[in-house]
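The next block holds one structure in the form of C-alpha cells; read it before the comments.
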Amino acid sequence: MPSAYHPEQIEQDVYALWQSGGYFRAGRDTSKPPFSIVLPPPNVTGSLHLGHAWNNTLQDIIIRFKRMSGYDVLWLPGTDHAGIATQTRVEKTLREEEGITRHQLGREKFVERVWAWKQRYGGVITDQIRRLGASCDWSRERFTMDEGLSRTVREVFVRLYEKGLIYRGNRIINWCPRCETALSDIEVEHREVAGTLYRVRYPRTDGQGDVVVATTRPETMFGDVAVAVHPADARYQALVGKTVRLPLTDREIPVIADEYVDPEFGTGCVKITPAHDPNDFEVGMRHQLDMPQCIDSEGRMTALAGAYQGLTREEARHRVVEDLERQGYLVQREEITHAVGHCSRCDTVVEPLLSLQWFVRMQPLAEPALAAARDGRLRFVPERFTKVFEHWLENVKDWCISRQLWWGHRIPAWYCDACGEITVARTDPDRCAHCGSDRIHQEEDVLDTWFSSALWPFSTMGWPEQTPDLARYYPTNTLVTGYDILFFWVARMVFMALEFTGEVPFRDVVLHGLVRAADGRKMSKSLGNGVDPLDVIDKYGADALRFTLATGTTPGGDQRFQWERVEHARHFINKIWNASRFVLMNLPEGFEPQPLETLPLDLADQWILQRFAETVARVTEHLERYDFGEAGRALYDFAWDEFCDWYIEFAKHPLYHGDDQAKIRARTVLLTVLDGLLRLLHPFIPFVTERLWQYLPVAREVLAVQAWPKPTYPANGEAAVTRMRVVMEAVQRVRNIRAEYGVAPGKAITCTLRCDDETSLALFRETQDYIRRLIGAERIDLKLGGEAPAKAVSAVVSGATLDVPLADLVDLAAEVERLRKEEQRLVQEVERCQKKLANEQFVSKAPAHIVEAERAKLTDYEQRLAAVQERIRALEA
RNA sequence: GCGGCUGUAGCUCAGAGGGAGAGCACCACCUUGACACGGUGGGGGCCACAGGUUCGAUUCCUGUCAGCCGCACCA
C-alpha cells in the first residue's frame, strides 16, 4: 500500500467492480422494502457542471445509505432532450461545419441529424456521472424522447385534451425573436435595466389640445388601438369617447376608460397595444378592440409600421423617437430603470406577442397539487420552500406548451383542410375525426421540454402500462434538486402525477442551492469563472469533490466553491487512507477479530467504542433528515480527532508493548471501528472506502452492499467518556507545559501525578501507560496526595495535580505568574457557578440535571482552585 | 409591493435555550516505528444593533440597519 492515496489509480477499477457485480441494479432482493429516486435528467447535450456534481453527490449519499440500510433501492438515471438547447447546438454545428441552416436541410433530415448527434454525444454526461461514483441503475436508463416516454407524453397530451385541459388559443405569449419560439412565463428572466420613459403627445381630433401618453416602447405605437385613462380620473373624464390621432400615421384611435390604468403613474394616460403587451391585451379583450401586430416573429416591424417596416425593434425605436421629436410630438424623456424580460436560454429581450399557441389550463391541475403540499403528502426539505411552492401554484397562469422547434415531441394534433376542425389522437390519424376528410396535416409545433420532464417519475417506469417497476418503485421516495427549478420542474411533476397516477410522485423534496464561485458570484460562461468538475476529479479525485460538496451543504443553501476546501477534503481522505494503513499494518496474516463482548476492554477501548456508537447514531439521524453537511462533519470530527489523533495513539501502547491479549484487544477494536467508520463514510467517499474495505480481513463482496452500522454501546461507555476526558486533559496540560518551557520533543521527562482520592488514583493507574507515551515521559510517579517535587511545573486537572520537574528550566517567578493566571481563570469559573447556584429561580426552575451538573462543576473548580493556590503558596514560600 | 434568506475569529462558513466551533490563514516547536496530504502547542470573536419572552438568549419573538434571493407590477 502506498503511503499516500492516489485516486486516479483506483477509481475506474472500483467502479468496474461495482458494475460487474450488478450491485446497483434494483430488484436484486425483492424481500427488502423498496426505496427509489429518479435522477433529475440532465440535458443530453450538456456536460457535467458543479451543480450536477452536487446534486448527484447528495442523491448518491441517500441511495448508498439506503442500500446499506437494507432497502432494495432504485436510482433511475437518464437524460433530457432539451429542445431549444439541443436544436441550437446542432444548428450551430451545421452552420460551422457545413454552412447550412436547418431550413435548407428540411425538418426530417434535421431531426435525423439531431438524433445522430445524440447517439454520438449523448453518453458524455452519463459517463461523467459515473466518474463521480453515482450508483445509478444504468440498466434502467431513460431518455425523454425514447419510444416509451414518447408514448407517455402522447397519452398524457390526448387525455388532457379530451378533458378540456389543453386548448389552443390566441394569447399574448413570451416570444424569443432569436430562438423564434414561444416561451412559458418562467422561461423569462426579468432584469432591471436602464431605460427611457417617453412622453408623447397624441393630438385630439377635435382640435381641443392633446393627450400625453407615457411609454417605454414608442415603436409599438403602430399597434396602438386606443388611449386609456382611469374612469375615476377627474382630469380626463371629459376625454373618454373622444378620439386622438396617432402621430406618424393617419390613424385615429379612441380614448377609453379602464380601471387598469394607474392615475399616479406617468401622465395617467396609457397607449393600448393589445398585440404587444399582456396588460393591453386584457384591456383589448374587455373593450373588444382590434389587435394589430406591428412586430413580427423575427422582431422586425411589420407593414403596419409603414415607413419603418423591416427595421428591428431597436432601430425602429430610435427612428420613431427621432421623428416624433422632429415633428414636435415628443414632450419629454425621463431616464428610468424598469424590469425587462429576457430569454432564459439566450438572453435576448423577449417580445410579448399575440400568437396562436397551445396551453395547459392550470387551475384545475394546481388545486390538487396545492392540497398535497398543504396536507403534508409532499414534504419539502427545508420546509420553508412549501410556502414558495404554494404561492406559485396559487397564482399560476396557463402554461404555454407549444414551441416552434423541430426537436421535441411533435404535438399530436391534425388540422383538417376541409372542415377546419382539429383531430387529436393516440395513433396518427389518416382522416379528420369530424368530417372524415383525408386532407389533414399535423401541427408543426413541438411540446415544451418541461412537458415531458413533468412526467419523468412515472414515464420512466412505463406508465400507462402497469409495469412491475411502476408497481414496486412508484411513487418514488425522494427527489433531490436545485431550488431554481422548483417551478419549472417540481411543481409540474406534482400536478401531472396527481392527475395521471393519483399520487404524489415523491414524498420528500430535498432542495439545494447553487454552487457559486469563491467570491460568491454565480458561475457563468461570460464571467469565465466556472470550474469544471472533471478538472477537480482529475486533480483531487471524485471522493474529494464529493466530500467537499457534501460537507459544504447547508439545507436549502448555496455554497461557494473553493479549491482549498477540495484540497482539505483530499487531506482528510488521505488521513483515512493512512489510518487504515496503520490498522492493516498491525494485523497479522489471517487475523480474525474476536467478538468484542468476550474481550476485557480497557478504558480507551470503551471510550472509542462509545464515541463510535454515538457517531453512528448522529450520522444516521442527520442522514435521515437529509442533513448532509452535519453528517459529513460529524464523521470528519470523529475520524480525525478521536479515532486518529487519540485512539490510534493510545493503541500504539498495547500494540507495541502489550501482551498477546492486549494486542488482540487493540487489534479487534481498531478493526471494528475502522470497519464501521468505512461503512459510515462510504456514501460520502465511496471509491476510497471501497478500496480500503477490500483490504480488511472481514471483507466479502463489496462495501457498497454491506450493512449500515447500528449504534452498539459498550458497557460503561458513558462513564468511559467522562473519565477519558480527564485523561486527555492531563495529556494536553503536560504537552502545554513542555511547549511553554521549550522542552525538546525528543527529551524524556518524568512526571508526578498526585491524586486527590482513590477514584482518581484508579483512573490514572489504569491509563498511565497511555499517558506516559503521549506526554513523552520515561516515568510517572503515581501518588495519593503529597507534595510536589522541587523545581517542578504543575498542572491541575480534575482530581489530580501533575508536576513536571524541570530543574533549571523552571523560572520560579514565571511559574508563579503562570499559576496566577490559572488561578484567576478558576476564580472566575467558581464565581460564575456560585452566582448561578445562588439564584433561587435557577435552582427551582431549571431542570434538575442542569442544576446538578452546575453543582458538580462548582465542586470540581473549587478543588482545582485550592490545588493551584496551594501550589502557588509552596512556590512562594 | 409580497415572501424568503443571511449577518458568528483576518477569510470561508458550521452550530445550538444552559460555559463560543471548524477549515484556511497566522505564531512557535517537531522527519516521534499510519500519514509533512502529518504531529504538538498557541494567539485571535461585547455571535450586526435595540427591545421582549425566559431562572438563563449568541440561539426563540418583535423591530432597526446592512447584504442577498425569489415572485408580482412598472404604460
Side-chain angles (χ1 to χ4, degrees), chain A residues 1 3-5 186 190 192 195 197-199 213-217 220 227-228 260-262 265-273 277 279-280 336-340 382 384-385 387-388 391-392 395 483-484 486-487 513-514 518-520 540 544 551-552 554 556-560 562 564-565 567-586 629-630 633 636-637 640-641 644-645 648-649 652 655-656 731-732 735-740 742-746 773-776 828-829 832-833 836 839-847 849-851 853-854 857:
Chain A
M1 258 178 108
S3 68
Y5 174 54
I186 47 183
H190 290 275
E192 294 282 330
L197 182 65
Y198 301 93
R199 290 176 196 232
V213 301
T215 179
T216 53
R217 302 204 54 198
T220 63
V227 168
Y260 149 68
V261 181
D262 174 4
F265 190 92
T267 58
C269 298
V270 191
K271 62 195 261 322
I272 298 298
T273 323
D277 182 282
N279 292 308
D280 292 6
I336 58 162
T337 59
H338 59 153
V340 175
R384 61 186 151 89
F385 285 103
K387 224 167 158 181
V388 184
H391 183 257
W392 187 73
N395 298 288
Y483 61 67
D484 53 329
L486 185 59
F487 309 141
L514 263 58
D519 61 4
Y540 295 100
T551 52
T554 150
D558 294 345
Q559 71 172 305
R560 300 189 189 194
Q562 294 166 111
E564 310 85 77
R565 289 195 58 235
E567 199 177 343
H568 182 240
R570 189 191 47 176
H571 294 176
F572 173 64
I573 292 163
N574 189 57
K575 190 76 179 174
I576 299 297
W577 178 267
N578 276 291
S580 305
R581 217 160 62 92
F582 172 82
V583 174
L584 291 163
M585 282 167 60
N586 283 289
E630 280 300 297
R633 288 184 286 267
Y636 173 93
D637 290 342
W640 202 316
D641 297 346
C644 293
D645 287 349
I648 285 182
E649 294 307 323
K652 284 175 182 174
L655 287 177
Y656 299 153
V731 169
Q732 283 169 323
R735 282 171 171 170
N736 174 255
I737 287 171
R738 292 190 66 126
E740 295 233 329
V743 181
R773 183 180 178 86
L774 297 190
I775 65 175
Q828 276 174 9
E829 296 290 1
R832 201 182 51 75
C833 290
K836 228 171 172 177
N839 182 345
E840 276 178 44
Q841 300 274 24
F842 173 72
V843 178
S844 60
K845 291 191 177 168
H849 72 276
I850 296 287
V851 179
E854 209 60 37
K857 273 190 246 172

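Letters A, B, ... mirror the listed sequences (proteins, then strands); counts begin at 1.
Taking atom P on both nucleotides, B/G17 is separated from B/G4 by 22 Å, rounded to a whole Å. With P as the reference atom, B/G41 and B/G21 are 15 Å apart, rounded to whole Å.
Closest to the A/Lys652 side chain, of the nucleotides B/G18, B/G41, B/A34, is B/A34. The A/Ala339 side chain lies nearest to B/C73 when the options are B/A14, B/C73, B/C37. Relative to the side chain of A/His391, the nucleotides B/C71, B/G4, B/U40 differ in distance, and B/C71 lies closest. Across B/C13, B/G41, B/C29, the shortest atom-to-atom separation from the side chain of A/Pro745 is found for B/C29. Listed nucleotides: B/G41, B/A34, B/C13. Nearest to the side chain of A/Asn578: B/A34. Which of B/G4, B/U12, B/G18 sits closest to the side chain of A/Arg560 comes down to B/U12. Looking at the side chain of A/Tyr636, the nearest of the listed nucleotides B/C37, B/G39, B/A22 is B/A22. Here the side chain of A/Glu630 is nearest to one of B/C35, B/U12, B/G15, namely B/G15. Taking only side-chain atoms of A/His571, from C-beta outward, the nucleotide of B/G15, B/G38, B/A72 with the closest atom is B/G38. Each of B/G41, B/G3, B/G18 was ranked by its minimum atom distance to the side chain of A/Lys387; first place goes to B/G3.
A donor N or O paired with an acceptor N or O is not found under 3.5 Å between the base of B/A14 and the side-chain atoms of A/Gln559. No N or O donor and acceptor, one from the side chain of A/Lys575 and one from the base of B/C37, sit under 3.5 Å apart.
Using a 5.5 Å limit on the distance between ring centres and a 30° limit on the angle between planes, the aromatic ring of A/Tyr656 counts as stacked on the six-membered base ring of B/G33.
A/Thr554 comes within 4.0 angstrom of sugar-phosphate atoms only, judged by non-hydrogen atoms across all strands, and of no base. As judged by a 4.0 angstrom heavy-atom cut-off over every strand, A/Leu584 is placed among residues making no nucleic acid contact. At a threshold of 4.0 angstrom between heavy atoms, the contacts of A/Arg570 include nucleobase atoms, whether or not backbone atoms are also involved.
Residue A/Ser3 has no polar side-chain atom (N or O) positioned under 4.0 Å from OP1 or OP2 of B/C35. Considering only side-chain N and O atoms, A/Asn839 lies nowhere under 4.0 angstrom from the phosphate OP1 or OP2 of B/G56.
Heavy atoms only, all atoms of each residue included: A/His568 and A/Trp640 are closest at NE2-CZ3, 4.4 Å.
In this structure, B/G1 and B/C71 make a Watson-Crick or G-U wobble pair, each of the two defining distances being under 3.5 angstrom.
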